[in-house]
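See structure below.
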Amino acid sequence: MSVMTIQPLLTEDYPVFLWFCQPNNTEDKIAVCGQEGVLSIFSAAKVSAGIVLSDRKDYNYHKQSVRRCAFSPDGKHIAASCFDRELTIWAVDDPEKPICKLNAHEADVKGIAWHPIEDTLISTSRDKKGLVYTPQNDELTAFKVTGVLQGNTQDVKVVEFSEDGSVVCTGGYDNSLRMYAADHDNVWEELNSFSTDETVWDIVFNGDDIYAFATTFVYCVDYDLDLVWETAFEERVVAGCMYTNAANEKYLCCCHGSSISVINLKGEVVSVADVGSAQINCVRPYHNGVIISNDLGQLFYIENCE
């Protein structure tokens with residue numbers, strides 16, 4: 001059995017919380033965002049000694065916390081959701097200023113997701129809504145709100161598209177997982193909901209299953225949002241993801257406190273590990289392992305997690 005390795009990635013930690021970290025689809029760039037408007041992108045490479053980050057670019061515009069960020073499907077753009085009620089779109093190669101600013105929400109912008117194939121974008125907010133944006137040109141310098149997700153009754157923390165982009169799920173403070181789809185007239189309707197009895201922080205689609213990472217449970221449900229299994233945790237879960245290891249096996253990884261837990265697709269916990277001493281805020285799949293960000297402004301790569 002391979003031994004779990006934990007590699008610090010930053011030569012200098014950020015002086016603020018890093019709320020989120022996100023690789024692009026080709027895994028040659030990693031973005032981080034956090035308090036005080038932090039939004040940065042690094043070039044990344046996997047070498048025999050681990051992960052090497054270089055060529056840091058800082059995208060300075062927001063003054064308040066940037067809660068999440070997401071690369072476009074082609075990796076040429078990144079969107080950032082911020083507590084200043086604004087959503088910004090940037091060209092990855094140009095950190096000087098955002099190419100588009102969207103101000104349609106009435107409160108903090110929390111969740112953000114690109115369609116897996118198209119340039120459609122969805123954001124969610126403390127205003128209890130999800131907004132669907134359609135680009136008005138190929139340069140992505142203008143977007144129009146073309147849909148509204150209106151089922152949630154409290155702060156909407158997260159939104160994710162299914163793998164084919166046909167449906168989306170949202171989660172948040174109303175203790176529910178909600179599924180939406182657009183009809184032939186592009187009107188978005190709620191299809192179903194699943195009660196989690198606690199806040200939903202992250203959502204993952206995988207084939208016929210959907211995984212919801214809630215405050216003390218990880219839930220697996222089917223596309224009818226019927227429960228398949230649930231796994232309980234004593235510590236507060238704040239984020240989760242799915243990754244594929246070097247043997248091409250899929251696992252779930254969730255973070256609680258300064259630890260991560262790895263779960264197989266049957267809902268069984270197969271390993272637990274401490275990562276530093278700070279609250280982990282995000283975990284995302286990367287190169288047969290995961291990357292995490294935390295309250296001390298640190299970024300780690302973890303391999304052989306299971």
Side-chain angles (χ1 to χ4, degrees), residues 5-14 16-35 37-62 65-82 87-100 111-121 123 135 138-141 160-161 163 202 204 239 241-244 246 253 280-294 297-303 305:
T5 59
I6 302 174
Q7 178 195 356
L9 294 182
L10 302 177
T11 56
E12 182 179 354
D13 298 337
Y14 284 79
V16 297
F17 291 7
L18 288 181
W19 291 123
F20 201 72
C21 54
Q22 182 66 58
N24 63 355
N25 288 338
T26 54
E27 297 190 325
D28 62 351
K29 294 188 184 300
I30 294 176
V32 297
C33 59
Q35 290 179 320
V38 165
L39 176 63
S40 305
I41 298 178
F42 297 85
S43 295
K46 182 74 159 62
V47 298
S48 58
I51 305 298
V52 176
L53 301 186
S54 61
D55 189 28
R56 169 178 161 177
K57 290 183 172 66
D58 295 321
Y59 299 73
N60 297 318
Y61 169 75
H62 296 285
S65 287
V66 178
R67 189 61 182 87
R68 290 199 176 215
C69 55
F71 285 99
S72 59
D74 63 6
K76 295 180 180 179
H77 298 86
I78 192 166
S81 58
C82 186
L87 172 68
T88 51
I89 313 295
W90 301 74
V92 168
D93 293 336
D94 183 8
E96 293 302 314
K97 61 181 180 180
I99 61 173
C100 184
I112 189 168
W114 292 89
H115 189 283
I117 302 169
E118 305 167 0
D119 286 323
T120 300
L121 187 66
S123 63
D138 293 338
E139 292 76 27
L140 306 190
T141 57
E160 289 293 341
F161 277 96
E163 294 163 299
D202 258 325
V204 172
C241 72
M242 173 178 285
Y243 73 96
T244 304
C253 183
I280 301 170
N281 297 314
C282 181
V283 57
R284 284 296 176 264
Y286 188 69
H287 276 299
N288 301 131
V290 298
I291 54 174
I292 66 162
S293 60
N294 69 16
Q298 299 169 323
L299 191 67
F300 291 89
Y301 171 62
I302 308 173
E303 199 171 22
C305 305

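In this chain, residues are counted from 1 in sequence order. Please read all numbers here as calculations on a predicted model, not as lab measurements. For the numbers below, each heavy atom of this structure counts, side chains included, while hydrogens, waters and symmetry mates do not.
- Distance CG/Leu87 to SG/Cys69: 11.5 Å, rounded to 0.5 Å.
- To the nearest 0.5 angstrom, Asp58 atom CG is 11.0 Å from Glu96 atom CD.
- Using modelled atom types, one finds no donor on one side chain facing an acceptor on the other under 3.5 Å when comparing Tyr59 with Thr88.
- Within the 3.5 Å criterion, the main-chain N or O of Lys29 finds a donor-acceptor partner in the side chain of Asn24.
- Using a distance-only test at 3.5 Å, with no hydrogens or angles considered, a donor-acceptor pair links the side chain of Asn25 to the main chain of Pro73.
- Between Cys21 and Arg284, the shortest heavy-atom contact is O-CG, 3.1 Å.
- Asn288 contributes a side-chain N or O that, together with a main-chain N or O of Thr244, makes up a donor-acceptor pair within less than 3.5 Å.
- Of all heavy-atom pairs between Val283 and Cys253, the closest is CG1-O, 3.7 Å.
- Among residues two or more places apart in sequence or in another chain, the salt bridge (Lys or Arg N to Asp or Glu O under 4.0 Å) test is passed with Arg67 by none.
- Although no hydrogens or angles enter the test, the distance criterion places a donor-acceptor pair under 3.5 Å between the side chain of Ser81 and the main chain of Arg68.
- For His77, the side-chain hydrogen bond (donor to acceptor under 3.5 Å, both in side chains) test picks out no residue, with sequence neighbours left out.
- Between Arg56 and Glu12, none of the side-chain N atoms (NZ, or NE/NH1/NH2) sits under 4.0 Å from a carboxylate O, so this pair counts as no salt bridge.
- Note that OH of Tyr243 and SG of Cys305 are 4.0 Å apart. Values are rounded to the nearest 0.5 Å.
- Looking at Tyr301, its side chain does come within 3.5 Å of a backbone N or O of His287 through a donor-acceptor pair.
- Among residues two or more places apart in sequence or in another chain, the salt bridge (Lys or Arg N to Asp or Glu O under 4.0 Å) test is passed with Glu160 by none.
- Between atom CD1 of residue Ile78 and atom CD1 of residue Ile99 there is a gap of 12.0 Å, rounded to the nearest 0.5 Å.
- Counting heavy atoms from C-beta outward, Ser293 and Tyr14 have side chains that stay 4.5 Å or more apart.
- Here the CZ-SG distance, from Phe20 to Cys33, works out to 6.5 Å after rounding to the nearest 0.5 Å.
- Applying the salt bridge (Lys or Arg N to Asp or Glu O under 4.0 Å) rule to Asp55 yields the partners Lys57; only residues at least two apart in sequence or on another chain are considered.
- The local environment of CG in Asp93 is sparse, with at most 12 non-hydrogen atoms from other residues, nucleotides or ligands closer than 6.0 Å.
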Apply the test side-chain contact (heavy atoms from CB on, under 4.5 Å) to residues Phe300 and Asn294: give CA-CA distance (whole Å), side-chain angles for both, the deciding distance (0.1 Å), then the verdict. CA-CA 9 Å; Phe300 291 89; Asn294 69 16; 3.8 Å; yes
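- You'll find the side chain of Val92 reaches within 4.5 Å of the side chain of Phe71, heavy atoms only.
- Between the Asp13 side chain and the Gln298 main chain, no donor and acceptor come within less than 3.5 Å of each other.
- With contacts defined as side-chain heavy-atom distances shorter than 4.5 Å, the pair Asn281/Leu18 does not qualify.
- Note that SG of Cys241 and CD1 of Ile292 are 10.5 Å apart. Values are rounded to the nearest 0.5 Å.
- You'll find the side chain of Leu299 reaches within 4.5 Å of the side chain of Ile30, heavy atoms only.
- Salt-bridge check for Lys76 with Asp119: failed, with every basic side-chain N at 4.0 Å or more from each acidic carboxylate O.
- No donor-acceptor pair under 3.5 Å is formed between the side chain of Gln22 and the backbone N or O of Ala70.
- Here the side chain of Gln7 pairs a donor or acceptor atom with the backbone of Ile51 at under 3.5 angstrom.
- Contact check for Leu10 versus Phe42: side-chain heavy atoms found under the 4.5 Å cut-off.
- In this structure a side-chain-to-backbone donor-acceptor pair under 3.5 Å is present from Tyr286 to Glu27.
- Contact record, Ala239 with Cys282: CB-CA, 3.9 Å, taken as the closest heavy-atom pair.
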Show the numbers, then the answer: is there a side-chain contact (heavy atoms from CB on, under 4.5 Å) between Leu121 and Leu140? CA-CA 11 Å; Leu121 187 66; Leu140 306 190; over 6 Å; no
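- Looking at residues two or more places apart in sequence or on another chain, you find no side-chain hydrogen bond (donor to acceptor under 3.5 Å, both in side chains) involving Trp114.
- Listed by chain and number, the residues in a side-chain hydrogen bond (donor to acceptor under 3.5 Å, both in side chains) with Ser54 amount to none (sequence neighbours excluded).
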Take Trp90 and Ile41 through the test side-chain contact (heavy atoms from CB on, under 4.5 Å) and record every step on the way to the result. CA-CA 11 Å; Trp90 301 74; Ile41 298 178; over 6 Å; no
